[in-house]
2 protein chains.
Amino acid sequence: MSANYWISVPFVSTWRMANKAPRAERRTEALSRLQIIEAAIAILDSQGEAALTFRALAARLSTGFGAIYWHVANKEALLAAAADHIVSAAVETTQLTATEPREFIRAVSLAVFDAFDAHPWVGIQLSLSPGRVGMMQVFEAIGGSLVALGIPQQDRFDAWSALVNYIFGVASQNAANARRVHEGTTREGLLTEIAERWGELDAAQYPFLREIAGHLPGHDDRQQFLAGIDLILAGLNPR
Amino acid sequence: MSANYWISVPFVSTWRMANKAPRAERRTEALSRLQIIEAAIAILDSQGEAALTFRALAARLSTGFGAIYWHVANKEALLAAAADHIVSAAVETTQLTATEPREFIRAVSLAVFDAFDAHPWVGIQLSLSPGRVGMMQVFEAIGGSLVALGIPQQDRFDAWSALVNYIFGVASQNAANARRVHEGTTREGLLTEIAERWGELDAAQYPFLREIAGHLPGHDDRQQFLAGIDLILAGLNPR
DNA sequence: ACCTGAACACCGTTCAAGT
DNA sequence: ACCTGAACACCGTTCAAGT
């Protein structure tokens, strides 16, 4: 076993010298929580989840990384706030298009799906918990539509839960898939690879997967998502 | 600006002396991938996601942390393999109970739901990608049941996708909720808190959420999950 | 073939000190 | 009230060196 241990001693580090932050001049106005969230979204969208560090965020905001903690409790809260901001913006685009309830449910669902698709990192951090305004807006929109549809009160809670769970569940699954398509592979390439694997499976053990393997590469995630919504709606019985 | 930078110099560190791993004697047999995955599951189940580090895993396996890289590519692959192992074990318990197709779909769905509930960390890392045996088993079980149910070929792909997406989507959402119930709060406490918030919402903007707030604390996630499955099944038209 | 652990290049978070 | 960044206590991953 080696007898060498390490201790730190003050000295000039050439690495630190070379990489000393060439930061622009300090900001003059105070930071705001919203500015931080928007900057975080910009980093997440352009460079992905791994690139969102307090140091990178502080650099973009021309401030020290400790400053962020004055406005946001920690990284988890930052991610949650960024995700909810996206969801909220997505519902609001559909808020005024209210027409027939089923159409409205479809519109809200697609808005969430598209938002998750455009910002795949949103899928990581959600779940119902107090203060998620965006999620609450979606919850209300779907629930209100069920009332308008005339679903009897005793069926409403389960129907609402199924829809809302389906919407967020599928949207995040899809986002997770989108997340792993970024280096080298395309979505088509990934699906083709999976289809090939499924096509080679044992026919006795995996007859169904072999059968549908061919459908995989060409299919439209968005319309398949919508087909699921329609399936749930078809199971509902308005009185 | 401070002129102090830091460089490392070999010396005896008292911290390292005090915390030197009091590890048991080295293992004699070679590690296996399965052993690593099982040890990872044990840590994830007992101490949660944050506790799974290569160093902790190596300590439990009485080996060096570098050894793990010989068997597993990286942490992402380790998490994915652990999650798939759980899913696979869950389906296998239902594999022989095959009765009526709808009953079988319910049984497989509940097995996945319960597995996610017992191992909430499973929700983090899944998504279809080559080589996930557990997911493939669920996919096949659901698809085969749809064939047995007599769902026409042109509807099968969408119906299968809706079910499979619902199952994994909702199970992971539920697991995410379970994950944030661990310190101080109980599930009941969390739901009661949310219900209270929803009950105080503006009646004009959130009429539905106010209405269902009361249903939240007492409801059974498992049976509500099943109600969603039934809703999708009800929308299907066997010929 | 398989294991070891020093070393590297980072992290999130805290907090005394500043303005 | 709000910001700064040194310091702390970690991480995952690599890789030369061992057996």
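What you are looking at is a predicted structure, and each value in this text was computed from that prediction instead of being measured. The sequence lines fix the lettering, A, B, ..., with proteins before strands; numbering per chain opens at 1. Just the heavy atoms: all of them, side chains too, but no hydrogens, waters or symmetry mates, feed the values below.
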- Hey, is Arg187(B) close enough to Asp221(B) for a salt bridge, meaning N to O under 4.0 Å?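 Result for this pair is yes, salt bridge flagged.
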
- Query: Do the side-chain N and O atoms of Glu92(B) and Gln137(B) include a donor-acceptor pair separated by under 3.5 angstrom?
  - Reply: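 Gln137(B) and Glu92(B) do have a side-chain donor-acceptor pair below 3.5 Å.
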
- Query: How close or far is atom C1' of dT14(D) from atom CZ of Phe54(B), stated in whole angstroms?
  - Reply: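 After rounding, the reported distance stands at 12 Å.
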
- Query: On DNA chain C, nearest-nucleotide positions of Phe65(B) versus Gly66(A): which is more 5'?
  - Reply: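 First, find each residue's nearest nucleotide; the 5'-ward one identifies Phe65(B).
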
- C1'-based separation of dA7(D) from dC11(C) [nearest Å]: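 To the nearest whole Å, 14 Å.
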
- Message: If you only use heavy atoms from C-beta on, which nucleotide in dC3(C), dC3(D), dA6(C) is closest to the side chain of Ala67(A)?
- Response: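 Selected nucleotide (nearest to the side chain): dC3(D).
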
- Nearest-neighbour nucleotide for the Tyr69(A) side chain, dC11(C), dT13(C), dC11(D) considered: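 Closest nucleotide to the Tyr69(A) side chain: dT13(C).
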
- Message: From the set dC3(D), dT13(D), dT13(C), return the single nucleotide nearest to any side-chain atom of Asn74(A).
- Response: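 Taking heavy atoms from C-beta onward, the closest nucleotide is dT13(C).
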
- Task: Return the value, rounded to whole Å, for the distance between atom CD of Glu76(B) and atom C1' of dC11(D).
- Result: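 For the pair Glu76(B) CD and dC11(D) C1', the rounded distance is 16 Å.
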
- Message: Just to be sure I understand the rule, does Leu57(A) reach a base, reach only the sugar-phosphate, or reach nothing, if contact means heavy atoms closer than 4.0 Å?
- Response: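 No contact at all - Leu57(A) keeps every heavy atom at 4.0 Å or more from the nucleic acid.
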
- Which whole-number value in Å describes the distance from Arg33(A) CZ to dA1(D) P?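 After rounding, the gap between these two atoms is 19 Å.
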
- Query: Which whole-number value in Å describes the distance from Glu49(A) CD to dG12(C) P?
  - Reply: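 For the pair Glu49(A) CD and dG12(C) P, the rounded distance is 11 Å.
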
- Item | Any-strand Watson-Crick or G-U partner of dG18(D), both distances under 3.5 Å |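 dG18(D) is paired with dC2(C).
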
- Contact under 4.0 Å: His71(A) side-chain N or O vs dC3(D) OP1/OP2: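 Yes, because at least one side-chain N or O of His71(A) sits under 4.0 Å from OP1 or OP2 of dC3(D).
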
- Task: Classify the side-chain pair Ser88(B)/Asp84(B) by whether it contains a donor and acceptor separated by less than 3.5 Å.
- Result: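 No, no side-chain donor-acceptor contact under 3.5 Å.
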
- Query: So, is Trp70(B) near the phosphate of dC3(C), with a side-chain N or O under 4.0 Å from OP1 or OP2?
  - Reply: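 So the side chain of Trp70(B) is outside the cut-off, no N or O lying under 4.0 Å from OP1 or OP2 of dC3(C).
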
- Query: Does dA7(D) have a Watson-Crick or wobble partner in any strand here, with both distances under 3.5 angstrom, and which is it?
  - Reply: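 Its partner is dT13(C) (Watson-Crick or G-U wobble, both distances under 3.5 Å).
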
- Task: Say whether, by atom type as modelled, one donor and one acceptor occur between the side chain of Ser161(A) and the main chain of Phe157(A) under 3.5 angstrom.
- Result: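 Checked: no pair found.
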
- Query: Between Leu78(A) (CG) and dG12(C) (P), how many Å, whole number?
  - Reply: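 Whole-Å distance recorded here is 10 Å.
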
- Task: Using atom CD1 of Ile68(B) as one end and atom P of dT14(D) as the other, report the distance to the nearest whole Å.
- Result: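 Rounded to whole Å, this separation is 14 Å.
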
- Distance between the C1' atoms of dC2(C) and dA16(D), in whole angstroms?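 After rounding to an integer number of Å, I get 15 Å for this pair.
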
- Message: Taking the ring of Tyr69(B) and the ring of Phe54(B), is the distance between their centroids below 6.0 Å?
- Response: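 Centroid separation for Phe54(B) and Tyr69(B): below 6.0 Å.
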
- Message: Expressed as a whole number of angstroms, how long is the span from Arg55(A):CZ to dA6(D):P?
- Response: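 The distance from CZ of Arg55(A) to P of dA6(D) comes to 10 Å, rounded to the nearest Å.
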
